[in-house]
Amino acid sequence: MQFSLTANDSKSAARAGLLETDHGSIETPIFMPVGTVGSVKACHIRDVHDEVKAQIILGNTYHLYLRPGLEVLEAAGGLHRFNGWDRAILTDSGGFQVFSLTGIRKMKEEGVEFQSHIDGSRHLFTPERVMDIERSIGADIMMAFDECTPGTSDYHYAKQSMERTHRWLDRCVKRFSETEPKYGYRQALFPIVQGCVYRDLRMQSAEYIASKGADGNAIGGLAVGEPTETMYEMIELVNTILPKDKPRYLMGVGTPANLLEGISRGVDMFDCVMPTRNGRNGMIFTSEGIINLRNEKWKDDFSPVDPDGGTFVDVQYSKAYLRHLFIAGEILGPMIASLHNLGFYLWLVREARRHIIAGDFAIWRDAMLPKVSRRL
RNA sequence: GGGGGAGUCGCAUAGUGGCAAUUGCAACAGACUGUAAAUCUGUCCUCGGAUGAGUUCGGUGGUUCGAGUCCACCUUCCCCCA
């Protein structure tokens, strides 16, 4: 996996780059749509490809392991062959499920014991097991198995959690190096910085992660309960340590404003369920602001969903019609909103990249920030 | 003409002596950040808010400390027999 920098912004830490995988090149900064169970919810692969112009999507180890299961994925020849997505795929390791499935999981040094949220059955995830599963799924980028430490954790817990994540990382690296890809193309392993909201822990973690010399590095454990300003502070701090010549991936973030702020601080890759989940729940993001489609005020607004949007749904349908679909509970509503939001997110990062290369990123960003956060 | 049943906050429902009153839908608003989410929460008689006040269960009157609930009459609707 190759990463090269195309341009560096002179007024911020923003950069434009190119990440090359065996499933095509990725122009950074990039947003990666989330496709937890192998599907970007409510979106056709063709539209994610041709309309959204996504270059890489996510899958989730825990969810895919439970359903459809490794036998099916291996028989299919990996996730790409299974879901028909021929560009790059990144798989999260299940570290976020360690965080979100509180109550039906048990943390141990060995790994994490999960109870399936589907049928209650018990499963043990160890770093080694997770590497094996990610090999079977066949992701281009495999994430190390970590614990996503809650943003509200105290120092003592955060330190312990971070240290365990580091020990797990060593086990991931070992297993990764002892195993081979199953489908004939290369896979990379990205380690994850933790450390919660504590500066010294974040620095320590960033140094540890950087020392592994991975093809790319991730920042985890953010946007999980801590104030937004703290998140920005942590990103800034960590990125002074993570290598400049490798892509940096801010996991699970975020809002359009978070993307702009993250890019300014040297982040190259983002993923978030927000465009799809909030889209399904009737919220759309546009270059002019945020719209809650269920609100009565859109009842007779027959203007296009987003006149500046880049996907066909933006001009094909009106706000009033889209509101009607949501109010009526029609499945087409979530489909349109999801596609629109992903299209907007990808447009946003493409524009950011264009302005970084053109040299006027900061000016563009400052003009965009108040607009994208505005409630319409 | 005779017999039976029913009228509850937009609609549908619960309630048979302590009730501003159940539940569902609808309506309106909010939340959502590596997806246990096509989900969840709140409001939904009036008074800006209230553990507060006022006014409510077809209408009028009555019994009772207390009535959506019991009684009388009136009224509207539905069903059956003529």
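All chains are named by letter (A, B, ...) in the order of the sequence lines, taking the proteins before the strands, and each is independently numbered beginning at 1. Quick caveat: nothing in here was measured; it's all calculated off a predicted structure.
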Could you tell me whether the side chain of A:D146 has a donor or acceptor atom within less than 3.5 Å of a complementary atom in the base of B:G34?
yes

Which whole number of Å gives the distance between the P atom of B:G18 and that of B:G62?
22 Å

Whole-Å distance separating the OH atom of A:Y62 from the P atom of B:G34
16 Å

Pairwise P distance, B:C74 and B:C79 [rounded to whole Å]
23 Å

Checking all strands, does A:L58 fall into the base, sugar-phosphate, or nothing category for heavy-atom contacts under 4.0 angstrom?
sugar-phosphate

Please tell me if the side chains of A:I235 and A:V253 come closer than 4.5 Å, counting only heavy atoms from C-beta onward.
no

What's the gap between B:A26 and B:C73 when it is taken at their P atoms, as a whole Å value?
43 Å

Taken to the nearest whole Å, CD1/A:I118 to P/B:U35 is 14 Å

Measure from the side chain of A:M274, starting at C-beta and using heavy atoms only, and say which of B:U33, B:G34, B:U39 lies closest.
B:U33

Return the nearest nucleotide to the side chain of A:E296; candidates are B:A29, B:G34, B:A31.
B:A29

Assigned chi class of B:C19 under the 90° convention is syn

Judged by each residue's nearest nucleotide on RNA chain B, which is more toward the 5′ side, A:P334 or A:D271?
A:D271

Which nucleotide wins on minimum distance to the side chain of A:C272, given the candidates B:C28, B:U33, B:U35?
B:U33

Can you tell me the base-pairing partner of B:C19? Count Watson-Crick or G-U wobble geometry only, both distances below 3.5 Å, and say none if there is no partner.
none

Gap in Å between the two P atoms, one belonging to B:G24 and one to B:G42, rounded
11 Å

In this structure, how many angstroms lie between the C1' atom of B:U35 and the CD1 atom of A:I104, rounded?
13 Å

Residue-phosphate contact under 4.0 Å: A:R277 side-chain N/O, B:U33 OP1/OP2:
yes

Separation between the P atoms of B:G10 and B:A6, rounded to whole Å:
22 Å

Looking at the side chain of A:R280, which of B:U33, B:A37, B:A36 is the nearest nucleotide?
B:A37

Please confirm whether the shortest side-chain N or O distance from A:N295 to OP1 or OP2 of B:G30 is below 4.0 Å.
yes

Report yes if a side-chain nitrogen or oxygen of A:S100 is closer than 4.0 Å to either non-bridging phosphate oxygen (OP1 or OP2) of B:A36; otherwise report no.
yes

Testing the 3.5 Å rule here: is there a donor-acceptor pair between the side chains of A:K371 and A:S287?
no

Out of B:G34, B:A31, B:A37, which nucleotide sits closest to the side chain of A:D92?
B:G34

Nearest to the side chain of A:H117, heavy atoms from C-beta on, is which of B:U33, B:C28, B:A37?
B:A37

With both distances under 3.5 Å as the test, what is the Watson-Crick or G-U wobble partner of B:A72?
B:U60

With a cut-off of less than 4.0 Å, is there a side-chain N or O of A:N60 near OP1 or OP2 of B:G34?
no

Taking the six-membered ring for Trp and the single ring otherwise, decide whether the centroids of A:F31 and A:Y345 are under 6.0 Å apart.
yes

With rounding to the closest Å, how many angstrom separate the P atoms on B:A50 and B:A38?
33 Å

Using Watson-Crick or G-U wobble geometry with both distances under 3.5 Å, which nucleotide pairs with B:C77?
B:G5

Whole-Å C1' distance, B:G7 and B:U60
16 Å

Taken to the nearest 0.5 Å, the spacing of A:L79 CG from A:I57 CD1 works out to 7.0 Å

Partner nucleotide of B:U39 by Watson-Crick or wobble geometry (both distances under 3.5 Å):
B:A31

Tell me if the side-chain of A:T276 makes a donor-acceptor pair with the base of B:U35, cut-off 3.5 Å, by modelled atom types.
yes

When rounded to the nearest Å, what value does the distance between P atoms of B:G52 and B:G3 take?
50 Å

Rounded to whole Å, the CZ-C1' distance (A:F96 to B:U33) equals 8 Å

Between B:G34 and A:Q97, is there an OP1 or OP2 to side-chain N/O distance shorter than 4.0 Å?
no

Do A:Y62 and A:Y65 have their ring centres less than 6.0 Å from each other?
no

Within the 4.0 Å heavy-atom criterion, would you say A:E330 contacts the bases, only the backbone, or no part of the nucleic acid?
nothing

Whole-Å distance separating the CG atom of A:N281 from the C1' atom of B:A29:
14 Å

Please classify the nucleic acid contact of A:M283 as base, sugar-phosphate, or nothing, using heavy-atom distances under 4.0 Å.
base

Please work out if A:N278 contacts a base, only the sugar-phosphate, or nothing of the nucleic acid, heavy-atom cut-off 4.0 Å.
base

Using a cut-off of less than 4.0 Å, is there contact between a side-chain N or O of A:R323 and OP1 or OP2 of B:C28?
yes

Integer-rounded Å distance: B:A36 P and A:D119 CG:
16 Å

Ignoring hydrogens and angles, answer whether the base of B:G30 and the side-chain atoms of A:R375 contain a donor-acceptor pair closer than 3.5 Å.
no

Is A:R135 close enough and on-axis enough to A:F176, meaning under 6.0 Å and within 45°, for cation-pi?
yes

Between A:H123 and A:S116, is any pair of side-chain heavy atoms under 4.5 Å apart?
yes

B:C44 pairs with, by Watson-Crick or G-U criteria that keep both distances under 3.5 Å:
none

Take the protein atom CE of A:M231 and the nucleotide atom P of B:U33, then report the distance between them rounded to whole Å.
12 Å

Under 4.0 Å between any heavy atoms, over every strand shown, what does A:I327 touch: base, sugar-phosphate, or nothing? Just pick one.
sugar-phosphate

Below 6.0 angstrom between ring centroids: does that apply to A:H80 and A:Y183?
no

Over 12 non-hydrogen atoms of neighbours within 6.0 angstrom of CD in A:E71
no

Counting heavy atoms from C-beta on, name the nucleotide in B:U35, B:A31, B:U33 closest to the side chain of A:T36.
B:U35

So what does A:G329 touch, heavy atoms closer than 4.0 Å: a base, only the sugar-phosphate, or nothing?
nothing

Quick note, A:R294 side chain, CB onward, closest among B:U39, B:A38, B:G34 is B:U39

Between atom CZ in A:R105 and atom P in B:A36, what is the gap in whole Å?
13 Å

